[in-house]
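First up is the structure itself, then whatever we jot down about it.
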Protein chains: 2
Amino acid sequence: MLQTSIEINKAAIILKLLGDNTRLTMMKLLDTQACCVCEFVEIFQTSQPSISQHLRKIKDIGLVREERKSQWVFYSLNKSSEYYPFIKSILEQLPNQDEKLKELDEKGSRISCC
Amino acid sequence: MLQTSIEINKAAIILKLLGDNTRLTMMKLLDTQACCVCEFVEIFQTSQPSISQHLRKIKDIGLVREERKSQWVFYSLNKSSEYYPFIKSILEQLPNQDEKLKELDEKGSRISCC
DNA sequence: TAAGTATATAGTTATTTGCTTATATAAACA
DNA sequence: TGTTTATATAAGCAAATAACTATATACTTA
């Protein structure tokens, strides 16, 4: 079967974006479910602007999309992106990160915002 | 079939290394055949130290290995690396870069060193 | 052994990156 | 409308990156 290939310099740009622990973990989490900014802030124990900046980078090249739901902004994988198959094939090989969300559930932090 | 997964922070390190146009193209070329430093210098039209430094980075985490053949050092993909399946699955999705080597052949530059 | 060729390493520098703090914007609600 | 909550943006800074030049090392060959 013919595999669609991605231009090599585009691939490099995407791999560089994925080549960051925070962004890669975000993408893996989003592969399972949409998340809002405040959840990421909890999970990564970092500042809210830092999270927003990471999200902006992956949004700018279309890997994720945002959807505002009242005061919260939810991010999800953009499955219509031309790069989605490429991304997906990488994420598939990573271990599930959902225990990070479970911890939030247990702490009650998740319910607080989402 | 159970897919072996790669630790997420290790994956991030590898993706960052691949997230550079020069290194990614190198890896794709090496996926086809071993290359020596001087070929890369020709192909990328950059300085020899720059090429050596890129090669060192991907060698340091074991993605490639080097083999000296008289005065030349040939690099090849390290198929024994624990990360090789991950790498391979990414490289498979990239367009073949061998025309870059063909150009060298045509210019005669390839024969000059290898 | 001296000279030439191929590669590696060291040191320097400009650019990029990711974080921080401060501030702006948007929505919810009293 | 004023306050609170969630998020985005701007500005500043330290660390990482990738290039360069100069130099060291390794091998070949005259």
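Chain A is the first sequence line, chain B the second, and so forth, proteins listed ahead of strands; every chain is numbered from 1.
For the pair A/F40 CZ and C/dC19 P, the interatomic distance rounds to 14 Å; values are reported in whole Å. Atom CG of B/N21 is separated from atom P of C/dT15 by 20 Å (rounded to the nearest Å). In this entry the distance linking CD of B/Q71 with P of D/dC27 reads 11 Å, nearest Å. Atom CG in A/L55 sits roughly 16 Å away from atom P in D/dA6 (whole-Å rounding). One atom, CD of B/E66, and another, P of C/dT7, lie 11 Å apart when rounded to the nearest Å. If you measure from atom CD of B/E67 to atom C1' of C/dT7, you get 15 Å, rounded to the nearest angstrom. Atom CD1 of B/I13 is separated from atom P of D/dA16 by 13 Å (rounded to the nearest Å). A/I51 has its CD1 atom 13 Å from the C1' atom of D/dA8, to the nearest Å.
Among the heavy atoms of the strands lying under 4.0 Å from B/S50 are primed sugar atoms or P, OP1, OP2 only; no base atom is included. Here B/K57 lies in heavy-atom contact (under 4.0 Å) with sugar-phosphate atoms only. Contact annotation for A/S47: base contact, defined as any heavy-atom pair under 4.0 Å involving a base atom. As judged by a 4.0 angstrom heavy-atom cut-off over every strand, A/K16 is placed among residues touching the sugar-phosphate backbone only. Residue contacts for A/S52: at a heavy-atom cut-off of 4.0 Å it reaches a base atom on one of the strands shown. Among the protein residues, A/F44 comes within range of no part of the nucleic acid, since none of its heavy atoms lies under 4.0 Å from any strand.
Here C/dT7 is the nucleotide among D/dT9, C/dT7, D/dA19 with the atom lying nearest to any side-chain atom of B/C38. Of the listed nucleotides (D/dC27, C/dG18, D/dT7), D/dC27 has the atom at the smallest distance from the side chain of B/R68. Considering only the side chain of B/R56, C/dT9 comes nearest among C/dT7, C/dT9, D/dA19.
With DNA chain C read from its 5' end, the first of the two nearest nucleotides for A/S70 and A/Q53 is the one closest to A/Q53. Of the two residues contacting DNA chain C, namely A/Q45 and B/K59, the nearest-nucleotide position lying further toward the 5' end is that of B/K59. Residues A/P49 and B/D20 each lie close to DNA chain D; by heavy-atom proximity, the contact nearer the 5' end of the strand is made by A/P49.
Side-chain N/O atoms of B/Q48 and base N/O atoms of C/dA6 include no donor-acceptor pair closer than 3.5 Å.
To the nearest 0.5 Å, the span separating CD on B/Q97 from CG on B/D31 amounts to 11.0 Å. Separating the CZ atom in A/F40 from the SG atom in A/C35 is a distance of 4.0 Å, to the nearest 0.5 Å. For the atom pair OG1 of A/T22 and CD1 of A/I51, the computed distance is 6.0 Å after rounding to the nearest 0.5 Å. Rounding to the nearest 0.5 angstrom, the gap separating the NE2 atom in B/H54 from the OH atom in B/Y75 is 13.0 Å.
Between the side chains of A/S89 and B/Q93, at least one donor N or O lies within less than 3.5 Å of an accepting N or O.
For the pair A/H54 and C/dT17, the criterion of a side-chain N or O lying under 4.0 Å from OP1 or OP2 is not met. Between B/K69 and C/dA6 there is no side-chain polar atom (N or O) within less than 4.0 angstrom of OP1 or OP2. When the side-chain nitrogen and oxygen atoms of A/Y75 are compared with OP1 and OP2 of D/dA8, one or more of them lie within a distance under 4.0 Å.
Checked by atom type and distance alone, the side chain of A/S50 never pairs as donor or acceptor with a backbone atom of A/T46 at under 3.5 Å.
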